[in-house]
Amino acid sequence: MVQVPFFRPEIGEAEIEEVVAVMRSGWLTSGPRVKRFEAEFSSFVGAQHALALNSCTAALHLAIEALHVKAGDVVIVPTMTFAATAEVVRYLGAIPLLVDCDPSTLNIDFDDAERKIADLRAGRLPGLPADAPIVGVIPVHVGGFMIAVDAMRAFAKKHGLWLVEDAAHSLPSSWRADESSEWIRCGHDTADVTCFSFYANKTLTTGEGGMATTPSAELAERMQIMSLHGLSIDAWARYSGGKSWDYKIVAPGFKYNLTDVAAAIGIHQLARAEEMRAGRERVALRYFEEFSAVAEIELPANDANRIHSWHLYPIRLRLEFLSIDRNAFFDALREEGIGCSVHWRPLHLHPYYQQTFGWQEDHCPVATREWERLVSIPIFSGMSDDEIGRVVAVVRSLCARYSRATASVSGRQ
Ligand SMILES: *Cc1c(COP(=O)(O)O)cnc(C)c1O
């Protein structure tokens with residue numbers, strides 16, 4: 001039986017040789033390779049400034065610290081995201097205002113964000129402080145399908161909010177307003193700060209790692225200082241091969257710098273980022289074709305005005321056509337040797353957010369409904385035809401085996 005992992009990183013000889021070269025060089029922590037990775041990354045996405053960090057979580061934390069988030073502030077966060085997006089808000093004692101998702105893309109729904117602001121102000125969210133300042137928004141491009149940049153910016157501008165993108169899935173992703181507009185790549189001045197992840201199963205990996213990009217020299221400087229113990233920029237130069245020994249602590253910072261060992265991997269992953277995206281797109285296109293006539297599942301959103309990174313390929317079960325639920329379907333996939341995952345149990349359904357801020361299922365009804373039918377199936381650049389074929393065959397046969405639909409069911413597509 002062909003086993004198909006949920007994800008397999010594509011680590012080439014170039015990455016391996018570069019890591020060995022770092023080991024031989026004797027300079028293991030942040031040094032010349034981090035500098036090179038930052039320079040190549042910023043030119044790849046078209047950013048003014050790029051800061052390499054040891055995770056996307058670190059990037060998000062530094063971004064909102066640099067934007068002066070204080071205890072008691074409110075920050076708008078989509079409920080359909082990973083733990084990191086909201087936890088960084090809590091690191092600073094601020095409060096996430098959770099917002100429901102768009103049923104088609106699973107990205108943040110700005111209409112619901114308007115409702116949540118009104119609900120907060122009217123005291124209809126009793127677990128949250130009704131008159132606390134709302135300072136910013138952290139949209140997530142779920143799976144690498146970009147939120148419309150114009151809508152995202154217009155929302156932030158209307159409410160006077162800063163905008164930090166959680167772009168953990170979006171390397172590379174692009175958006176354009178319409179067929180006649182220019183493509184805008186995620187990180188190319190799309191927000192005040194854009195945060196990328198290089199975790200082991202992301203589209204570009206350094207094992208653990210992240211990057212913050214920004215058009216603002218001021219934010220870049222603050223994030224750099226805070227990423228290394230709050231040492232002044234001069235002192236920072238010590239770590240990147242400079243001469244200054246007399247460091248000055250200007251704030252109680254963190255320890256978030258990336259190592260040269262990790263950057264060595266990142267440099268060569270970045271060089272293949274487009275090629276690897278094309279590899280994932282090939283898998284996605286094959287899935288669209290093979291599953292188009294399978295009534296029991298819905299396929300992810302795609303759009304001519306997006307270049308999709310295809311970090312994830314989440315299918316949604318049409319539970320009314322199936323005799324089993326998502327959990328049983330998931331277990332059946334695993335039993336057939338197919339790695340899969342669920343992105344995600346939304347934040348408002350986690351005990352911490354429920355107990356601390358009073359979130360309930362019906363506060364975000366779309367996410368509550370959709371997550372019960374989500375399954376992410378394998379998609380990665382090095383997937384062989386045999387592996388794709390195996391996933392297709394297993395999904396199709398499970399749908400057929402547990403189908404409740406007959407050929408005459410109306411509403412079939
Ligand atoms: C993976 C992920 C993160 C965290 O990335 P790390 O590099 O592991 O810190 C943040 N947000 C989203 C949406 C993610 O999927």
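Note that ligands are numbered from 1 as they come in the structure, with each ligand's atoms numbered from 1 the same way.
- Salt bridge Arg277/Glu281: present, at least one basic N to carboxylate O contact under 4.0 Å.
- Partner of Leu374 under the side chain to side chain contact (heavy atoms under 4.5 Å, CB included) criterion, chosen from Met80, Glu298, Arg345: Met80.
- Residue Glu182 places its CD atom among 12 or fewer non-hydrogen atoms of other residues, nucleotides or ligands, all under 6.0 Å distant.
- The aromatic rings of Phe44 and Phe41 sit tilted, their planes meeting at an angle between 30° and 60°.
- Using bins of under 30°, 30° to 60° and over 60° for the plane-to-plane angle, the ring pair Trp310/Phe288 lands in the perpendicular bin.
- Considering only residues two or more places apart in sequence or on other chains, Ser42 meets the side-chain hydrogen bond (donor to acceptor under 3.5 Å, both in side chains) condition with none of them.
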Could you list each N/O atom of ligand 1 together with any protein N/O atom closer than 3.5 Å, one pair per line with the distance?
from     : atom 1 : to     : atom 2 : distance (Å)
ligand 1 : 5 (O)  : Ser197 : OG     : 3.2
ligand 1 : 7 (O)  : Cys56  : N      : 2.9
ligand 1 : 7 (O)  : Ser197 : OG     : 2.7
ligand 1 : 9 (O)  : Cys56  : N      : 3.3
ligand 1 : 9 (O)  : Thr57  : N      : 2.9
ligand 1 : 9 (O)  : Thr57  : OG1    : 2.5
ligand 1 : 11 (N) : Asp166 : OD1    : 3.2
ligand 1 : 11 (N) : Asp166 : OD2    : 2.7
ligand 1 : 15 (O) : His169 : NE2    : 2.7
ligand 1 : 15 (O) : Lys202 : NZ     : 3.1

